[in-house]
**Q** 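Structure provided below as structure tokens; questions to follow.
Chain letters run A, B, ... following the sequence lines, proteins first, then strands; residues in each count from 1. None of the values given here were measured: they were computed from a predicted structure.
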2 protein chains.
Amino acid sequence: MDKTLKRMATMHRMQVTGLELFYQNGYYNTSIDDILKALGLSKGAFYYHFDSKEDFFISIVQNLVVQKFYSHMIEPIEGQEDPLNNILNTFENSLATAEHNTLDHGFMLSNFMTEFNGKNPVIMKYLKDIYQIWEVNLVSLLQKGKSDGYVARHIDSEGVASYLIASYIGIRTLMVEGNSRTLRYQYIQQLRQYFKMLAQKEMA
Amino acid sequence: MDKTLKRMATMHRMQVTGLELFYQNGYYNTSIDDILKALGLSKGAFYYHFDSKEDFFISIVQNLVVQKFYSHMIEPIEGQEDPLNNILNTFENSLATAEHNTLDHGFMLSNFMTEFNGKNPVIMKYLKDIYQIWEVNLVSLLQKGKSDGYVARHIDSEGVASYLIASYIGIRTLMVEGNSRTLRYQYIQQLRQYFKMLAQKEMA
DNA sequence: GGGCCTACCGACCACTTGGTCGGAAATAAA
DNA sequence: TTTATTTCCGACCAAGTGGTCGGTAGGCCC
């Protein structure tokens, strides 16, 4: 028991540091030695806990990325009130933390997808799954919004969901080159306009 | 004259093949040897014409990417008619060609920006410049649309331009994981709705 | 104390990378 | 034909990569 605890503690430390560096420098541009140096550990320790670099990354996705993604991008949207409003607030918050260079989990996803596209189908699969969870949740939230009278019934929920995700990761991509404050402000403004269209006429 | 001609011909061949591979596999994941093998040339030839891998890439951006970007993403939008309509058609065409795995120059930009972000500020500068050209052109087109009576005067042209670019590169990022046909359709639909809002009331 | 197993060390390996360099075809000039 | 110059060849190098492996420190059980 105690042994497994120590084992898990070390593995977790490795995963946290690994995700940080992978997110900062990219997967292929981060060597195992980089991570080990940051941790003060050795090659032996790494390959004792993980089979390979790829295996390591997948374990990070499953243990950290998925959970963080849920708690930052999905759960905040859920609720009984107006889903459009929740989406707006969640997106705004995420973009705000992104300005302070903290890990942005919505962006991380598209970042990694871009990097692995055409290179590693196995990892791509895991990333795709998360993205689809995001989409599915948005769609069902929009549908619920329809029956609750917040969202106009004629809109295409799937289309809106894809559009929302696209615009978010797009603006996030643009934000890396500075002006993030202005971009966020502009983005939220436009999103607000767009949402007026989607809202039930009575609520607009 | 003839010498410079041959020189330029070889350089151009290298740049075209280089861009293709860089776009497919990424900059850091494409070795000079890969490019040389595809061309049937040797290391010596490469370093005779270019100083370094970075210098090579920059020459590609300046000689190929900028021009392609103009002819595919900027010039088609210009014209005397409704700019919103032109934007819609241009985006739709670009996304369509993207489905057939051809080079998509709008996407290429965000792709490279993602890859170089935080790693190579010099190259980032060149990519940023192109993006800003895109934005400036969209803004002035929208402004012209206002005075021509196509676009509502109350809209924030800068905000709309950023929002358009973001949504485009976002949807393009999502398209890499399949379903590109559906995504394109959904995206154009939503964009059309969004544009109705931006249009001058009389023209809607 | 003796044995054992988990967790970690670090030298080592095969391979790839960007880049160098002396030289050899090819072409043009004399 | 000789000479110069442009263009290209390919062996080579140092640095770094992911991954292997023999070894060892320290806690735990008998």
Side-chain angles (χ1 to χ4, degrees), chain A residues 1-22 24-61 63 112 115-116 118-123, chain B residues 1-22 24-61 63 112 115-116 118-123:
Chain A
M1 276 307 150
D2 206 41
K3 323 163 194 178
T4 35
L5 251 175
K6 178 166 194 191
R7 180 187 176 91
M8 282 176 61
T10 307
M11 287 175 78
H12 191 255
R13 272 185 66 217
M14 287 178 170
Q15 288 165 338
V16 170
T17 306
L19 179 58
E20 229 166 277
L21 294 183
F22 284 145
Q24 269 173 38
N25 315 317
Y27 175 81
Y28 293 108
N29 255 269
T30 305
S31 70
I32 297 176
D33 281 338
D34 289 341
I35 300 167
L36 261 11
K37 190 155 64 177
L39 286 162
L41 289 174
S42 71
K43 273 272 175 74
F46 182 86
Y47 282 96
Y48 174 72
H49 292 293
F50 301 98
D51 290 343
S52 65
K53 190 184 182 185
E54 180 178 317
D55 171 66
F56 176 57
F57 185 82
I58 292 175
S59 86
I60 290 179
V61 172
N63 289 295
F112 284 135
E115 183 168 14
F116 289 115
K119 284 168 215 160
N120 193 320
V122 179
I123 294 184
Chain B
M1 279 304 150
D2 206 42
K3 327 164 193 180
T4 37
L5 250 175
K6 177 168 195 189
R7 179 185 178 91
M8 283 177 61
T10 306
M11 288 175 79
H12 190 255
R13 272 185 64 218
M14 288 178 170
Q15 289 167 336
V16 170
T17 305
L19 179 58
E20 230 166 278
L21 294 182
F22 284 145
Q24 270 172 37
N25 315 317
Y27 175 81
Y28 293 110
N29 255 270
T30 304
S31 69
I32 298 177
D33 280 337
D34 289 341
I35 301 167
L36 260 11
K37 190 155 65 175
L39 286 163
L41 289 174
S42 71
K43 272 274 178 69
F46 182 87
Y47 282 94
Y48 174 72
H49 291 292
F50 301 99
D51 289 343
S52 65
K53 191 184 180 184
E54 179 177 319
D55 170 68
F56 176 56
F57 186 82
I58 291 174
S59 86
I60 290 179
V61 172
N63 289 295
F112 284 136
E115 185 169 10
F116 289 115
K119 286 168 214 160
N120 193 318
V122 179
I123 293 184

**Q** How would you list, by chain and number, every residue that makes a salt bridge (Lys or Arg N to Asp or Glu O under 4.0 Å) with A:D33, sequence neighbours excluded?
**A**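 Per chain and number, A:D33 pairs via salt bridge (Lys or Arg N to Asp or Glu O under 4.0 Å) with A:K43.
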**Q** Tell me, please, which residues at least two apart from A:S52 pass side chain to side chain contact (heavy atoms under 4.5 Å, CB included).
**A**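 Expected list: A:E54, A:D55.
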**Q** Using only side-chain N and O atoms of A:Y48, determine if any of them is under 4.0 Å from OP1 or OP2 of C:dC8.
**A** no
**Q** Name every donor-acceptor pair, under 3.5 Å, that has one atom in a side chain of residues 8-19 of chain B and the other anywhere in the protein, sequence neighbours excluded.
**A**
residue : atom : partner : partner atom : Å
B:T10   : OG1  : B:K6    : O            : 3.1
B:R13   : NH2  : B:L39   : O            : 3.1
B:Q15   : NE2  : B:S59   : OG           : 2.9
B:T17   : OG1  : B:R13   : O            : 3.1

**Q** Kindly point out which of C:dC9, D:dC9, D:dT7 is positioned nearest to the side chain of A:S42?
**A** C:dC9
**Q** So, taking the atom named CG in A:L36 and the one named CG in A:L21, what distance separates them when rounded to the nearest 0.5 Å?
**A**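 It comes to 10.5 Å.
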**Q** Are B:T10 and D:dC8 close enough that a side-chain N or O sits under 4.0 Å from OP1 or OP2?
**A** yes
**Q** For each nucleotide in nucleotides 18-25 of chain C, reading 5' to 3', give B when a protein heavy atom comes within less than 4.0 Å of its base, S when such contact involves only the sugar-phosphate, and - otherwise.
**A** BBB-----
**Q** Tell me every residue that passes side chain to side chain contact (heavy atoms under 4.5 Å, CB included) with B:Y28, counting only those two or more places apart in sequence or in another chain.
**A** A:N29, B:E115, B:F116, B:K119, B:N120
**Q** Figure out the CG/P separation between B:L39 and D:dT7, and round it to whole Å.
**A**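 The answer, rounded to whole Å, is 17 Å.
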**Q** Output all residues satisfying ring-ring contact (aromatic ring centres under 6.0 Å, His included) with B:Y47, sequence neighbours left out; order by chain, then residue number.
**A** none
**Q** What is the distance, rounded to the nearest whole Å, between atom CG of B:N29 and atom P of C:dT17?
**A** 9 Å
**Q** Any side-chain N or O of B:H49 under 4.0 Å from OP1/OP2 of D:dC8?
**A**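 Yes, B:H49 has a side-chain N/O under 4.0 Å of OP1/OP2 on D:dC8.
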**Q** Among B:F22, B:Y27, B:F57, find the one that has a ring pair (Phe, Tyr, Trp, His ring centres under 6.0 Å) with B:F112.
**A**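 Among B:F22, B:Y27, B:F57, the one that satisfies the ring pair (Phe, Tyr, Trp, His ring centres under 6.0 Å) with B:F112 is B:F57.
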**Q** How many whole angstroms separate atom CG of A:L36 from atom C1' of C:dA11?
**A** 15 Å
**Q** Could you state the CG-P distance from A:N25 to D:dT17, rounded to the nearest angstrom?
**A**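 Distance check: A:N25 CG to D:dT17 P gives 11 Å.
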**Q** From CZ of A:R13 over to P of C:dA7, roughly how many Å is that when rounded to an integer?
**A**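 In whole Å, C:dA7 P lies 14 Å from A:R13 CZ.
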**Q** Is A:R7 near enough to C:dT6 that one of its side-chain N or O atoms lies under 4.0 angstrom from OP1 or OP2?
**A** no
**Q** In this structure, how many angstroms lie between the P atom of D:dT17 and the CG atom of A:L21, rounded?
**A**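 Answer to the nearest Å: 12 Å.
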